[in-house]
There are 2 protein chains.
Amino acid sequence: MVTKQFTGSPEDADLRRADSLAREIFSDVANKWALLIIEALGERVLRFSELRDEVEGISHKMLTQNLRMLERNGLIERTVYPVVPPRVEYALTGPGQALRVTIDSLCDWTHRHLGHIEAARRRTDTAAAADSPDTGR
Amino acid sequence: MVTKQFTGSPEDADLRRADSLAREIFSDVANKWALLIIEALGERVLRFSELRDEVEGISHKMLTQNLRMLERNGLIERTVYPVVPPRVEYALTGPGQALRVTIDSLCDWTHRHLGHIEAARRRTDTAAAADSPDTGR
DNA sequence: CTGTATCCCGCGAGATACTG
DNA sequence: CAGTATCTCGCGGGATACAG
């Protein structure tokens, strides 16, 4: 992730700050739930409850938590319609759309390499099984 | 992430299996440490200790744990040189290299949007500060 | 140097209950 | 429906010690 050598010169302060910010953002974004939420919103604008259904296995808490985080970082936009019952919609912002593109490529990668990975797993798993003393009856 | 409608027909069993495998892989790969390790190995082949230095802030335990996981999934290759003291090198495999490309684009995205994100944060952070009763003095 | 095994604490995260 | 607030528990993950 573009590691730099800091020499101690004055303008390095800015670089160091940007670098730590970048790491922070990376930590925020590089997590399963955040990525899956962005991916889901890529299809279309979604309401809270739709997101909960769309993002398989996410809990109420993790969903709100990640939505707040993504909003804070300006990746999604939250729109509240003053009706009853409340209606809240989440949409990707520009940067959010851009991020979505790279997530798409990550998904592509996953599907393209399913076979290779499954094979690799079988290999190492059976090798490991061979090591440990036979537990089969 | 390419969600499908399952109808219950026989060949759906395979699709469902592939889908759950894809989610599993996604969960493995979409985590901070795994991504940072892959990214580090993109530059060049690295030894264990080099990786520990390269991947800022990772603990001994998390490093080995993720290395095992990545090896099991066939994304990295582990080479042991029978010398003393031991020398072990980790390298990206083909799929690992491919993954690295998409991670690069994620890093690019991060750096391209640093400004936007920082601004968004300032906005929501100051807004939040305005809400809570003034704690100053 | 590389790697496994323990111990143990803190926090991630689910479940639940309650407001608007 | 959307969201916040608690409580609680399990386990993620750091520190440490030890082995090859």
Side-chain angles (χ1 to χ4, degrees), chain A residues 23-24 26-37 40-41 44-72 76-91 124-125 127-133, chain B residues 23-24 26-37 40-41 44-72 76-91 124-125 127-133:
Chain A
R23 265 199 292 275
E24 207 181 312
F26 193 85
S27 298
D28 273 1
V29 161
N31 92 60
K32 185 180 155 180
W33 295 130
L35 293 180
L36 288 175
I37 289 171
L41 289 176
R44 59 190 182 86
V45 169
L46 290 174
R47 306 180 51 172
F48 183 86
S49 47
E50 291 173 328
L51 270 170
R52 202 197 310 114
D53 298 340
E54 206 73 15
V55 180
E56 184 100 7
I58 196 169
S59 69
H60 187 134
K61 186 181 180 178
M62 282 300 96
L63 181 54
T64 45
Q65 198 165 296
N66 277 278
L67 286 173
R68 297 294 162 270
M69 179 274 283
L70 292 172
E71 192 189 1
R72 176 172 116 93
I76 64 176
E77 193 175 29
R78 179 170 175 271
T79 312
V80 182
Y81 297 92
V83 297
V84 38
R87 177 186 190 86
V88 180
E89 289 185 347
Y90 294 90
T124 77
D125 288 356
D131 281 349
S132 53
Chain B
R23 266 200 292 276
E24 207 181 311
F26 194 85
S27 298
D28 273 359
V29 161
N31 92 61
K32 187 179 154 180
W33 293 132
L35 293 179
L36 289 174
I37 288 172
L41 289 177
R44 60 190 182 86
V45 169
L46 290 174
R47 307 180 50 171
F48 183 86
S49 47
E50 291 173 328
L51 270 171
R52 202 198 309 114
D53 298 341
E54 206 73 15
V55 180
E56 185 99 6
I58 196 170
S59 69
H60 187 134
K61 186 180 179 177
M62 282 301 95
L63 181 54
T64 45
Q65 197 165 298
N66 277 279
L67 286 174
R68 297 293 163 269
M69 179 274 283
L70 291 172
E71 191 189 2
R72 176 172 115 93
I76 64 176
E77 194 174 28
R78 180 169 174 271
T79 313
V80 182
Y81 296 92
V83 297
V84 39
R87 177 188 190 85
V88 180
E89 288 185 347
Y90 294 91
T124 78
D125 288 355
D131 281 349
S132 53

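A, B, ... follow the sequence lines: proteins, then strands. Residue 1 opens every chain.
- Scanning both residues, B:A91 and B:V45, for their nearest heavy atoms gives CB-CG2, 3.7 Å.
- Nearest heavy atom pair, residue A:E54 against residue A:L46, reads CG-CD1, 4.2 Å.
- Regarding A:M62, its CE atom lies at a distance of 14 Å from the C1' atom of D:dT4, rounded to whole Å.
- With sequence neighbours excluded, the residues that form a side chain to side chain donor-acceptor pair (under 3.5 Å) with B:R78 are B:Y90.
- The side chain to side chain donor-acceptor pair (under 3.5 Å) test applied to A:S49 returns no partner, not counting sequence neighbours.
- Residues satisfying the ring-ring contact (aromatic ring centres under 6.0 Å, His included) criterion with B:F48, sequence neighbours excluded, are B:H60.
- With A:D53 contributing its side chain and A:E50 its backbone, the two residues share no donor-acceptor pair below 3.5 Å.
- For the pair B:N31 CG and D:dG12 P, the computed distance is 12 Å after rounding to whole Å.
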Give me the distances for all protein-to-nucleotides 1-3 of chain D N/O pairs that come in under 3.5 Å?
{"unit_1": "D:dC1", "atom_1": "O3'", "unit_2": "A:R47", "atom_2": "NH2", "d": "2.9"}
{"unit_1": "D:dA2", "atom_1": "OP1", "unit_2": "A:R47", "atom_2": "NE", "d": "3.0"}
{"unit_1": "D:dA2", "atom_1": "OP1", "unit_2": "A:R47", "atom_2": "NH2", "d": "3.1"}
{"unit_1": "D:dA2", "atom_1": "OP2", "unit_2": "A:S49", "atom_2": "N", "d": "2.8"}
{"unit_1": "D:dA2", "atom_1": "OP2", "unit_2": "A:S49", "atom_2": "OG", "d": "2.6"}
{"unit_1": "D:dG3", "atom_1": "OP1", "unit_2": "A:R78", "atom_2": "NE", "d": "2.7"}
{"unit_1": "D:dG3", "atom_1": "OP1", "unit_2": "A:R78", "atom_2": "NH2", "d": "2.6"}
{"unit_1": "D:dG3", "atom_1": "OP1", "unit_2": "A:Y90", "atom_2": "OH", "d": "2.8"}
{"unit_1": "D:dG3", "atom_1": "OP2", "unit_2": "A:Y90", "atom_2": "OH", "d": "2.9"}
{"unit_1": "D:dG3", "atom_1": "O5'", "unit_2": "A:R68", "atom_2": "NH2", "d": "3.4"}
{"unit_1": "D:dG3", "atom_1": "N7", "unit_2": "A:H60", "atom_2": "NE2", "d": "3.2"}

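- Residues B:L51 and B:A40 share a closest heavy-atom pair of CD2-CB, 4.1 Å.
- Of all nucleotides in DNA chain C having an atom under 4.0 Å from a heavy atom of chain A, the first and last in 5' to 3' order are C:dA13 to C:dG20.
- Residues meeting the side chain to side chain donor-acceptor pair (under 3.5 Å) test with A:E71, sequence neighbours left out: none.
- Remark: A:R44 engages no residue in a side chain to side chain donor-acceptor pair (under 3.5 Å) (not counting sequence neighbours).
- Judged as a salt bridge (Lys or Arg N to Asp or Glu O under 4.0 Å), not a single pair has a partner in residues 58-68 of chain B (not counting sequence neighbours).
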Find every protein N or O atom lying less than 3.5 Å from an N or O atom of nucleotides 7-10 of chain D, and list the pairs.
none

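- From A:L41, atom CG reaches atom CG of A:L70 across 8.5 Å, with rounding to the nearest 0.5 Å.
- With sequence neighbours excluded, no residue forms a salt bridge (charged side-chain N to carboxylate O under 4.0 Å, His left out) with A:R47.
- A search for salt bridge (charged side-chain N to carboxylate O under 4.0 Å, His left out) contacts involving B:E24 returns A:R121, not counting sequence neighbours.
- Comparing the local axis fitted to the first five base pairs of the helix from C:dC1-D:dG20 to C:dG20-D:dC1 with the one fitted to its last five gives a bend of 40°, rounded to 10°.
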